[in-house]
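Contents: one structure, followed by commentary.
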There are 2 protein chains.
Amino acid sequence: MTSITPATAASPGRAAASEARKQRIRDAALTLFSRFGLRGASLDAIADQAGVSKTNLLYYFPSKEKLYVSVLQQILETWLEPMRAIDADQPPEAAIGHYIRFKVELSRDHVQASRLFCLEMIQGAPLLKEELRNHLRALVEEKSKVIEGWIASGSLLPVDPHHLIYLLWGTTQHYADFAVQIEAISGRTLADPDFFEATVDNIQRIVLGGLLPRTNRDA
Amino acid sequence: MTSITPATAASPGRAAASEARKQRIRDAALTLFSRFGLRGASLDAIADQAGVSKTNLLYYFPSKEKLYVSVLQQILETWLEPMRAIDADQPPEAAIGHYIRFKVELSRDHVQASRLFCLEMIQGAPLLKEELRNHLRALVEEKSKVIEGWIASGSLLPVDPHHLIYLLWGTTQHYADFAVQIEAISGRTLADPDFFEATVDNIQRIVLGGLLPRTNRDA
DNA sequence: GTCTATAATATGATAGAC
DNA sequence: GTCTATCATATTATAGAC
């Protein structure tokens, strides 16, 4: 009986144990891919980090590229989340302020994911290009309409929504991808609660309020 | 006589020809390192791109890592330039506006350099860390004083100079490092003059003027 | 300075025992 | 499902002729 049943369904704990091991491998892969890229990370090193043999790794993921894609797809889910949370019903000050905090949290809690995403972009995103052109593009268009609505109602100064979004992305992700540089200069990381709050506060202040005092802006 | 003279000084054109070939190799290396990283790019591919044999490449650069360092060092020069240009004697609106334009130009004209720099940061900057902690840190401190001077004189609203600098770096570099994503969404690149101007203009407007209308800010 | 071997190793992936 | 070989290839680097 059990011999013709798929192994993953043979006993209750089997499927879960298998998935747990796959996840361990994915986690190890994220660590190494995010540091050395697809080519630069070796299956040997990934298997080692995951605590499994290289052959065993290849049993769960039939090729290096399949493993890479599997890791990337998990990241994309996490990555689109903050964007979806932008709410048209909130006033822009709250919505954008929230979004900034959410993204800085992501840079603090998912450094490796941010970096792997960045690596993939730098290399031309051969595996995500289509996903970007469809899924992400549609999401950006949707949120751009929200921003345009705010501008039309006078609650936001005129700005190109795309460039605003790029500025928010670039600024927040910088704290994950360039953490080494920031630490070399400021001597602190987002793991430090004070530095985290200062980061969120300064970005919010610059983006929402700008740098020039009102007297200058009346000219 | 000529046999004891270094080859590079034997005849007038020799040294120049040698340096020209080295530069061709460095250019090819930049192209491939910026796409695949130090480990991901092979000497074979670099030599091929440069139009020389792999053995010949290794004659000019004795190891892969030496070649990589040589490329990185050239980049660092270019990279610090815009920062130095920040002038305390200018009003902040002009100085920061200028800096933004300068950096976006860099993202347009030195895409590969920007990406290699980003790759190196992501990997923990093993080769630049010391340089960052000394040289760059000192430069940032110097310019932070300038920014603090503007704030003290009331020509700039209060902001942490470090976070302002990180925001400017992150925002402008994003257009080079994430060009694929931007093209997938906006369908345009900085090579398009209209898009370039719109980019500069929007960043300047957000950073200097902020997004909230004055009526909101009086609350 | 440039080339043809070639050494020495790392790496992705498979075969087959258990 | 997991392991021990092992293959096939790619890759950095060197030796030595010209």
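To find a chain, count down the sequence lines: A is the first, B the second, and so on, and within it residues start at 1.
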At what distance, to the nearest 0.5 angstrom, does [atom1] of [X] lie from [atom2] of [Y]?
X	Y	atom1	atom2	result
Glu105(B)	Ile100(B)	CD	CD1	12.5 Å
Thr199(A)	Arg101(A)	OG1	CZ	10.5 Å
Gln181(B)	Ile122(A)	CD	CD1	12.0 Å
Gln173(A)	His174(B)	CD	NE2	6.0 Å

For Phe61(A), does its backbone N or O pair with a side-chain atom of Lys22(A) as donor and acceptor, under 3.5 Å?
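Not at all, since once roles are kept as given, no pair shorter than 3.5 Å links the two residues.
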Between [N] atom [atom2] and [X] atom [atom1], what is the distance in whole Å?
X	N	atom1	atom2	value
Asn56(A)	dT2(D)	CG	P	4 Å
Tyr59(A)	dG12(C)	OH	P	21 Å
Leu32(A)	dG12(C)	CG	P	11 Å
Phe61(B)	dG1(C)	CZ	P	13 Å
Phe36(A)	dG12(C)	CZ	P	13 Å
Asp44(B)	dT4(C)	CG	P	13 Å
Arg39(A)	dT12(D)	CZ	P	11 Å
Lys22(A)	dG1(D)	NZ	P	10 Å

Would you indicate what Ala17(A) reaches in the nucleic acid, counting non-hydrogen atoms under 4.0 angstrom: base, sugar-phosphate, or nothing?
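If one applies the 4.0 Å heavy-atom cut-off, Ala17(A) turns out to touch nothing in the nucleic acid.
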Report the residues that fulfil salt bridge (charged side-chain N to carboxylate O under 4.0 Å, His left out) with Arg21(A), sequence neighbours left out, ordered by chain and then residue number.
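Arg21(A) satisfies salt bridge (charged side-chain N to carboxylate O under 4.0 Å, His left out) with no residue once adjacent residues are dropped.
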Check this for me, if you would: do Arg26(A) and Glu19(A) make a salt bridge, where the nitrogen-to-carboxylate-oxygen distance has to be below 4.0 angstrom?
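Yes, this pair counts.
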With a cut-off of less than 4.0 Å, is there a side-chain N or O of Ser53(B) near OP1 or OP2 of dC3(C)?
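For Ser53(B), the contact criterion (side-chain N or O under 4.0 Å from OP1 or OP2 of dC3(C)) is met.
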Would you indicate, yes or no, if dG1(C) has its OP1 or OP2 atom less than 4.0 angstrom from a side-chain nitrogen or oxygen of Arg21(B)?
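Checking dG1(C) against Arg21(B), no side-chain N or O comes under 4.0 Å of OP1 or OP2.
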Distances for protein N/O vs nucleotides 13-18 of chain C N/O pairs under 3.5 angstrom?
unit_1, atom_1, unit_2, atom_2, d
dA13(C), OP2, Lys64(A), N, 2.8

